[in-house]
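Heads up: the structure comes next, in C-alpha cells.
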Number of protein chains: 2
Amino acid sequence: MSLRHGLLGLLAEGPASGYDLTRRFQETLGPIWPAQHPQIYAELGRLADAGLIEVESRGPRGRKAYGITGAGLDEVRRWLTEGEVDHTLRIEPLLRSVFFWLMAPDDLDAHLEREGRYFAEQANLYREHTTAKDRGDYGDSPQTRSIRIAAEAGVRLFQALADWAEWARAMPPVSDPDRTS
Amino acid sequence: MSLRHGLLGLLAEGPASGYDLTRRFQETLGPIWPAQHPQIYAELGRLADAGLIEVESRGPRGRKAYGITGAGLDEVRRWLTEGEVDHTLRIEPLLRSVFFWLMAPDDLDAHLEREGRYFAEQANLYREHTTAKDRGDYGDSPQTRSIRIAAEAGVRLFQALADWAEWARAMPPVSDPDRTS
DNA sequence: TGCCGACGTGTCAAGGTGTACATGTGTCTA
DNA sequence: TAGACACATGTACACCTTGACACGTCGGCA
C-alpha cells in the first residue's frame, strides 16, 4: 500500500493536518496516486496507532497537526531503499489500446486525436514546472531535486504518450478490406 | 471499473473459459491491469447476470465456455467511444521519486541504476514484440493493429522511464552542502 | 445577531482487489 | 490402481478505495 508511505513522505517535510495532507496529496500526487480524504483520515489514524506519526497539537479550527516520528522516518527510508517496487503501469488509455480493433476507424481517429492533445497539454504543463520559478515554494530545500526529477518524469511520460497517439493515428491499417469504400 | 470491460474486450475475440481469461488477462494485460482469478470469476458471474455474456457450454474438465452477447459487444464499444478516460498514471516508481530527497545519495544512485536497467529490459522486451513473428498467433486478424499499437506504447513508455532514470542519475545535486566530504 | 460559506474532521456503506484456502477433473506414470 | 500433477472453478476473508452523509469551527456580512 503506497498511501501509507506517501503520507509519511509528505509528513517528512514537516507537520501538517489531515486537511493539508488531503490537498497536497491531490495536488502533487493526485495524477499518480489518487486518494480522498476519508482514506487519508483513516490511514492517519492507523499510522498514529502504529507510532509512526503523532498528533502534535490541536490548532484554531479543531485543526490537528500531525508530525512524523523517528520510527516513521525510519519506515519511509526503509520503504524507499528496501521496499519492493511495483512496476505495474496502471494506465487506462493503454488498456483501451488493446481493444482499439473494436472501434470504427473514424471513432478511433477522433479518440486518438483527443487523447494526443490531452497528453501534449500535460507534457507542457510539467515542462513549465521544470523551468519554473514556482519552485520558489521550496527554494533551495532538499526537496528541490526530487521535485525536479518527478516533474521530468511527467514531461517524458506524457510526451511519450502524445507521440504514441500521433504515431498510432498515422499507422496505416495492417490489412483492412474496407479501404476501397 | 476496467476489469469488466477488459473481460468483455477479451471475449470479443471469441469464447473462453474463466481459466483462459485469467491467463490471458495476466499475460497480456497483467503489466497494465493486474487481476487475479477470484476477481475474474466473480466478475464473470456479474457479467452473465447482466446479460453481457453467457455460458455457451460446459466442456471436458468442468470447463465453462463464456461467450459475449450482442449487448456485451455494444457495451464494450460504448465504453471505448463514449466512456470517460481515466488519465491517472498509477506508477509506483514515480510516487517514490517525489521522496528521493529522503534517500542517501549512494542508495538513490543504486536504486536508479537498478530501475533504469529494469525499464530498459522491459523496453527491449516490447521492442521484440513489435518486430516479431510471434504475432503469428493472430496472423492478419483485425487485432493485429491493436496489438502492434499497444506494444509500441510499452516500448515508448519503458524507454522513457529508462532514459529518465539515467537522466536522474546524471543530474547533479541542486545544492548539496555535503559535497565537500 | 443570524446566516452563509469555507475550513476541517470524521463515519458509513458499497464496491473493488488480493491472499489463502477448498474442491473437483482428467492425464500420466510408477 | 494409486498417487502426483496440471487444469479448472469456486468461496472466504481482509483490506483498499470511493461516494455520500454528518458535524463542528471560524470569519464575514446583511
Side-chain angles (χ1 to χ4, degrees), chain A residues 1-8 10-11 15-27 29-50 53-67 79 83-84 86-90 92 95, chain B residues 1-8 10-11 15-27 29-50 53-67 79 83-84 86-90 92 95:
Chain A
M1 196 231 316
S2 299
L3 175 66
R4 155 177 260 105
H5 296 108
L7 287 174
L8 285 175
L10 288 180
L11 283 170
S17 69
Y19 192 79
D20 290 336
L21 289 167
T22 302
R23 276 199 300 102
R24 287 172 62 196
F25 217 100
Q26 286 174 354
E27 279 168 20
L29 268 31
I32 299 175
W33 212 271
Q36 270 64 43
H37 80 267
Q39 208 183 338
I40 287 174
Y41 283 113
E43 189 61 36
L44 285 173
R46 265 173 260 136
L47 284 168
D49 289 345
I53 63 174
E54 57 190 4
V55 182
E56 300 208 328
S57 67
R58 191 105 193 184
R61 308 180 183 197
R63 182 196 194 84
K64 269 186 192 172
Y66 288 97
W79 170 66
E84 197 162 340
D86 176 4
H87 286 111
T88 310
L89 304 186
R90 241 181 220 245
E92 215 225 49
L95 183 69
Chain B
M1 194 231 313
S2 298
L3 175 65
R4 155 178 257 102
H5 296 108
L7 288 174
L8 284 175
L10 288 180
L11 283 170
S17 70
Y19 191 79
D20 290 336
L21 289 167
T22 301
R23 276 200 299 104
R24 287 172 62 197
F25 218 100
Q26 287 175 352
E27 280 168 19
L29 269 30
I32 301 175
W33 213 272
Q36 270 62 43
H37 80 267
Q39 208 184 338
I40 287 174
Y41 283 113
E43 190 60 38
L44 285 173
R46 264 174 259 137
L47 284 168
D49 288 346
I53 62 174
E54 56 190 3
V55 181
E56 301 207 329
S57 66
R58 191 105 194 184
R61 307 179 183 197
R63 184 197 193 83
K64 272 186 192 172
Y66 288 98
W79 170 65
E84 198 162 338
D86 175 4
H87 286 111
T88 309
L89 303 187
R90 243 181 219 246
E92 217 225 49
L95 182 70

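Note that these values count all heavy atoms, side chains included, but never hydrogens, waters or copies made by symmetry.
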Q: Give one of base, sugar-phosphate or nothing for Thr22(B), where a contact means two heavy atoms less than 4.0 Å apart.
A: nothing
Q: With the side chain of Leu3(A) defined as its heavy atoms from C-beta on, choose the nearest nucleotide among dT17(D), dT9(D), dT18(D).
A: dT17(D)
Q. Please give, in whole Å, the distance from dT17(C) P to Gln26(B) CD?
A. 14 Å
Q: Ignoring backbone atoms, establish whether Arg23(A) has a side-chain N or O less than 4.0 Å from OP1 or OP2 of dC7(C).
A: no
Q | Spacing between Lys64(B) atom NZ and dT23(C) atom C1', to the nearest angstrom | A | 14 Å
(Q) Whole angstroms only, please: what is the CD1-P distance between Ile32(B) and dT17(C)? (A) 15 Å
Q.
Using the rule given for salt bridge (charged side-chain N to carboxylate O under 4.0 Å, His left out), can you reason through Asp49(A) versus Arg46(A), listing the C-alpha separation, both sets of side-chain angles and the distance that settles it, and then say yes or no?
A. CA-CA 5 Å; Asp49(A) 289 345; Arg46(A) 265 173 260 136; over 6 Å; no
Q) Between which residue ranges does DNA chain C form stems of three or more consecutive Watson-Crick or G-U wobble pairs, both distances under 3.5 Å? A) C:1-30 with D:1-30
Q.
If the cut-off is 4.0 Å, is Gln39(A) near the phosphate of dT18(D), judged by side-chain N/O to OP1 or OP2?
A. yes
Q. Taking atom CD of Glu84(B) as the centre, does the number of heavy atoms from other residues, nucleotides or ligands within less than 6.0 Å exceed 12?
A. no
**Q.** Value in whole Å for how far the C1' atom of dT18(D) lies from CD of Glu84(B)
**A.** 15 Å
Q.
OP1 or OP2 of dC16(D) versus the side-chain N and O atoms of Arg90(B): is any pair under 4.0 Å?
A. no
Q. Does Arg90(B) reach the side chain of Pro34(A), with side-chain heavy atoms less than 4.5 Å apart?
A. yes
Q. Among dA20(D), dA12(D), dT9(D), which nucleotide sits nearest the side chain of Pro38(A)?
A. dA20(D)
**Q.** Trace of the side chain to side chain contact (heavy atoms under 4.5 Å, CB included) decision for Asp20(A) with Arg23(A)
**A.** CA-CA 5 Å; Asp20(A) 290 336; Arg23(A) 276 199 300 102; 3.7 Å; yes
Q.
A side-chain contact here means heavy atoms from C-beta on lying under 4.5 Å apart; do Leu47(B) and Arg4(B) qualify?
A. yes
Q | Nearest to side-chain heavy atoms of Tyr19(A), which nucleotide of dC7(C), dG18(C), dA20(D) | A | dC7(C)
Q) Looking at Leu3(B), Leu10(B), Leu7(B), which one forms a side-chain contact (heavy atoms from CB on, under 4.5 Å) with Leu29(B)? A) Leu10(B)
Q.
Considering every strand and a 4.0 Å limit on heavy-atom distances, what is the contact class for Pro34(B): base, sugar-phosphate, or nothing?
A. sugar-phosphate
**Q.** Residue-phosphate contact under 4.0 Å: Gln36(B) side-chain N/O, dG18(C) OP1/OP2
**A.** yes
Q) For dG10(C), does either OP1 or OP2 sit under 4.0 Å from a side-chain N or O belonging to Tyr41(A)? A) no
Q. With sequence neighbours left out, what residues match Trp33(B) under ring-ring contact (aromatic ring centres under 6.0 Å, His included)?
A. none
Q) Roughly, in whole Å, what's the span from CG in Leu44(B) to P in dT11(D)? A) 12 Å
Q) Would you find a donor on one side and an acceptor on the other, under 3.5 Å apart, between the side chain of Gln26(B) and the backbone of Ala35(B)? A) yes
(Q) Without decimals, in angstroms, what is the distance between Ile40(B) CD1 and dT17(C) P? (A) 11 Å
Q: Would you mind reading off the distance between Arg63(A) atom CZ and dC23(D) atom C1', rounded to a whole angstrom?
A: 18 Å
Q) Considering heavy-atom distances to DNA chain D, does Trp33(A) or His37(A) have its closest nucleotide positioned more toward the 5' end? A) Trp33(A)
Q) Whole-Å distance between dG8(C) C1' and Asp20(A) CG? A) 10 Å
